[in-house]
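Everything numeric here is computed off the predicted structure, so don't read it as measured data. What's counted below: heavy atoms across the whole structure, side chains too, no hydrogens, waters or symmetry copies. Naming convention: chains lettered A, B, ... in sequence-line order (proteins, then strands); numbering from 1 in each chain.
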Amino acid sequence: MTLLKELESRLAAALTTTLGEPTTAAVTAAADLRFGDYQSNAAMVLAKQRKTNPRALAQEIIDKLDLDGVATADIAGPGFINFRILPAAYQARAAALVRDPRLGVPATGEGRTVVVDFSAPNVAKPMHVGHIRSTIIGDSLARIARFLGFNVIADNHIGDWGTQFGMIIYGWNHFLDEAALAENPIAELVRIYRKTNAIKEEPGILDACKNELVKLQAGDPENLAIWEKSIEFSKIGLQKIYDRLDVKFDHWHGESFYNDRLAGIVDEFLETGLARESNGAVCVFSGGELAKEEDPFMVHKEDGWTDNPAIIRKADGGFLYATTDLATIQFRIDEWKADHVWYVVGVPQQLHFRQLFDAAARWGKTGDFQHVQFGSILGDDRKLMRTRSGENVGLVEVLEEAVERAAKAIAEKNPDLQGEEAAQIAEIVGIGAVKFAELSQNRLTDYVFSWDRMLALQGDTAPYLQYSHVRIRSIFRKLDAPFDATAAEIHLNEEAEIHLARLLVRFGEILPVVLEDFRPNLLANYVLELARAFHSFFEACPVLKSEEPIRSSRLALCDLTSRTLRQGLDLLGIAVPERM
RNA sequence: GGUCCCGUGGUCCAAUGGAUAGGACGAUGGCCUCCGAAGCCGUAGGUGGUGGUUCGAUUCCACCCGGGACCA
């Protein structure tokens, strides 16, 4: 049990005794260390309900509170109950963590399956910076869920059956350079796509592309062969980027995987009355009893039904994203037995997902569906970056530049590092910087793309965290014999030591909260705080030069810090170099 | 027209309805005969506006101003 949960449980016992009925209340980390380590506003909330004096109620609660040597409690301000953890309790907790491979993290997800749907680029198009958020945030959420004990299925729902194939096939037939294709298949695919896209306004071209698309969808063997090849080449290119980012998927079930299920689903929706025709299109309307009445987004007509349906078959017979996504939900729920499905997709898709989840519920596909949305990356004009706008920056380009800047920094700060080793470190540091820049802020925030922002190496960045880890390991390199942290006793005397322990103990409290609202930035903030606490400790408290038993205690704290930091970074998908 | 999101020091970002709003960059002042200065310790500087709910509002509600998105 985490320290926070223990306080909550002791507080609940006191509340229950005081009020004479089962009562629980939340404890949170104190906003300010001046007030203690943890705090609860239970007395203020309950006093309001009961119309009594909050401070008096707080006193009653504290009188009943059995903290058993873990903490002391007092009342402050309008009726806060503040807890101060005793150093002995931190010592005991830290000592237990030193021996705990899970670093105090509870397995809250055990027995549940979650599908994380992220990245999902269109094939035969270059990935640009706009794809970075879904890929990095999704990967981190998958890693965290896995560590919390969920059975995680990472699924890359690639766009491998979109209308872009009309243009790709047209380009393939008219502009393909066989030699270039053999040389660099992805670049050639992108070239023919762009070339076709550039001339699509010319008379007849768009129709020709549409014609190729129709032939493909009708199963024309020649077009199918072209389609298959371009998918194959694209996947190789994508895989290279994922390898570099250390992002792994369990499946790549793209749109085409569900093609043969779409017609049946539309028929089923029509037969069961879940959908009806409107102007030739098959539509799923939301509203009625299943809709939440207070939700104006889904219900805004007087009769209680939306005039804004999800279309699952167009008047011309074509299927849409909504149709494919319904098939995907069916597969994930029925085949994979998913309890949760998290879609890491941008804010602009909000309406689509609300309609989709609504339709799935009507269909009887029950599960916890979450649209984990994120804000947009904007260009200098504060407009959304789009694939076709010329100024857009390629993802590979960003990674290259990041690694280059990291290499420059290494040459400057640590010229002893040379050759292959320096190159490897530059890769780890550069990629880490990009990932951390993304993960350390609230996912809903829009931001204007900036090289300096995304590739910063100073301040609140991955290199700072990586450097912290390197510094800790460097202490252990100086030891003559291997150090066994599990044999050490923990002694906390200096304020810096206590603060470090305070943060180490919180690792297990932070992670479940990250998944409550899908906010990896909370974990990012935590590791930053931990690294700062370590640096302060390290300045104030000599480790190798101190006397036993303090020396062993501090070494054990260093060991625990390095493991916690490394685990935290790993959950953000950020690697740590040996040296830097 | 309908719906959604966002306005926080010069800049970029944090903050389950809680206390004196945190951090980084930039600016500025210190610290390398002492476990690696990609570091540490200081200083200055902030919630778009008007009301409302509340013991308490950056957070919730209404309207306004400004930026963006989706659907039609």
Side-chain angles (χ1 to χ4, degrees), chain A residues 26-32 34-36 39-41 43-45 47-48 51 53-55 76-80 82 295-301 306-311 346-355 373-376 378 381-384 406 409-410 412-414 416 425 429 433 437 440-442 444-448 450 452-454 456-468 470-479 496 513 516-517 519 521-522 524-526 528-529 531-532 534-546 551 554-555 558 577 579-580:
Chain A
V27 173
T28 59
D32 192 311
R34 281 188 303 255
F35 305 130
Q39 64 184 45
S40 175
N41 57 17
M44 290 182 289
V45 174
K48 186 180 203 167
K51 302 197 193 320
N53 181 305
R55 286 190 64 108
F80 289 100
N82 290 333
D295 187 349
F297 197 88
M298 300 304 289
V299 182
H300 47 86
K301 272 180 46 168
T306 180
D307 52 4
N308 195 2
I311 302 173
V347 168
Q349 300 293 315
Q350 188 181 59
L351 176 62
H352 167 74
F353 280 108
R354 294 187 76 157
Q355 291 175 332
Q373 49 191 334
F374 51 82
S376 306
L378 311 173
D381 54 359
R382 291 205 56 84
K383 300 272 188 189
L384 200 60
I410 290 164
E412 207 174 284
K413 294 176 193 298
N414 201 347
D416 291 349
I425 295 166
V429 170
S440 59
Q441 73 183 333
N442 189 308
L444 285 169
T445 307
D446 292 348
Y447 64 86
V448 175
S450 138
D452 288 341
R453 163 213 186 81
M454 193 161 266
L457 304 174
Q458 311 278 322
D460 284 356
T461 62
Y464 173 69
L465 299 163
Q466 291 164 325
Y467 175 76
S468 309
V470 164
R471 287 296 302 275
I472 303 174
R473 297 323 306 170
S474 132
I475 296 171
F476 289 98
R477 273 198 294 273
K478 290 182 164 46
L479 292 173
V513 177
E516 274 173 19
D517 207 17
R519 293 194 292 173
N521 65 307
L522 294 180
N525 292 344
Y526 169 79
L528 278 174
E529 253 189 288
R532 274 190 219 114
F534 172 75
H535 279 292
S536 300
F537 157 78
F538 192 64
E539 288 283 328
C541 306
V543 177
L544 293 172
K545 287 166 192 154
S546 57
R551 186 174 184 268
R554 288 182 178 168
L555 277 168
C558 286
R579 299 197 292 156
M580 66 187 280

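- Nucleotide B/rG7 is matched to B/rC65 when pairs are restricted to Watson-Crick or G-U wobble geometry with both distances under 3.5 angstrom.
- Annotation for A/C558 and A/V543: closest pair SG-CG2, 4.1 Å, computed over non-hydrogen atoms.
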- Item | Base-contact (B) and sugar-phosphate-only (S) positions in nucleotides 5-15 of chain B, heavy-atom cut-off under 4.0 Å, - elsewhere | -------SSSS

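- If you check B/rG22 for Watson-Crick or wobble pairing at under 3.5 angstrom, you find it paired to B/rC13.
- Rounded to whole angstrom, the span from the CG atom of A/D460 across to the P atom of B/rC25 amounts to 7 Å.
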- Message: Across nucleotides 32-41 of chain B, 5' to 3', mark each nucleotide with B, S or - according to how protein heavy atoms within less than 4.0 Å reach it.
- Response: --SBBSBSSS

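- Using N1 to N3 plus N6-O4 or O6-N4 for Watson-Crick, or N1-O2 and O6-N3 for G-U wobble, each under 3.5 Å, B/rG29 pairs with B/rC41.
- Rounded to a whole angstrom, the distance from the C1' atom of B/rC25 to that of B/rG17 is 31 Å.
- Taking atom P on both nucleotides, B/rU28 is separated from B/rU16 by 34 Å, rounded to a whole Å.
- Taking CD from A/Q355 and CD from A/Q350, the interatomic distance works out to 11.0 Å, rounded to the nearest 0.5 Å.
- We find that CG of A/L351 is positioned 16 Å from P of B/rG2, with the value rounded to whole Å.
- Going from the C1' atom of B/rG45 to that of B/rU11 covers 12 Å, rounded to whole Å.
- Atom name C1', nucleotides B/rC41 and B/rU53: the rounded distance is 44 Å, in whole Å.
- Between the P atom of B/rU20 and the CZ atom of A/R34 lies a distance of 9 Å, rounded to the nearest Å.
- Taken to the nearest 0.5 Å, the OG1 atom of A/T461 stands 8.0 Å off from the CG atom of A/L528.
- To the nearest whole angstrom, the two P atoms, one in B/rC60 and one in B/rC71, are 26 Å apart.
- Separating the C1' atom of B/rC5 from that of B/rC40 is a span of 40 Å, rounded to the nearest Å.
- A/P78 comes within 4.0 angstrom of a nucleotide base, judged by non-hydrogen atoms across all strands.
- A/N53 comes within 4.0 angstrom of nothing in the nucleic acid, heavy atoms only.
- Proximity of a side-chain donor or acceptor of A/D446 to a complementary backbone N or O of A/S376 within less than 3.5 Å is detected.
- Mapping A/L528 and A/L378 onto RNA chain B via the closest heavy atom, the residue that lands nearer the 5' end is A/L528.
- The CZ atom of A/F80 sits 15 Å away from the P atom of B/rC55 (whole-angstrom rounding).
- To the nearest 0.5 Å, atoms NZ (A/K413) and CE (A/M580) are separated by 9.0 Å.
- Residue A/M44 holds its CE atom at 10.5 Å from CZ of A/R55, rounded to the nearest 0.5 Å.
- When the P atom is compared between B/rU50 and B/rA57, the two are found 15 Å apart, to the nearest whole Å.
- Here the P atom of nucleotide B/rU3 and the CD atom of A/Q355 are 15 Å apart, to the nearest Å.
- A glycosidic torsion no more than 90° from 0 defines the syn conformation; B/rC6 lies beyond that range and is anti.
- In this structure, A/D460 CG and A/E529 CD are separated by 10.5 Å, a value rounded to the nearest 0.5 Å.
- A/P463 and A/L457 make their closest contact through CB-O, 3.6 Å (heavy atoms, listed as atom of the first residue, atom of the second, distance).
- As the counterpart of B/rC70, B/rG2 is assigned, both hydrogen-bonding distances of the Watson-Crick or G-U wobble pattern falling under 3.5 Å.
- Distance NZ (A/K51) to P (B/rC55): 9 Å, rounded to an integer number of Å.
- For the pair A/R471 and A/F538, the NZ or CZ position fails the cation-pi test of under 6.0 Å to the six-membered ring centre and within 45 degrees of the ring normal.
- Pair assignment for B/rU53 gives none, since no Watson-Crick or G-U wobble pairing has each distance under 3.5 Å.
- Smallest separation of non-hydrogen atoms from A/V470 and A/P577: CG2-O, 3.4 Å.
- Taking CG of A/N442 as the start and CG of A/L522 as the end, the distance is 8.5 Å to the nearest 0.5 Å.
- The residue A/E412 sits apart from the nucleic acid: no heavy atom pair falls under 4.0 Å.
- The nearest whole Å value for the distance from the CG atom in A/D32 to the C1' atom in B/rG22 is 10 Å.
- Comparing the C1' positions of B/rG46 and B/rC12 gives an interatomic distance of 13 Å, to the nearest angstrom.
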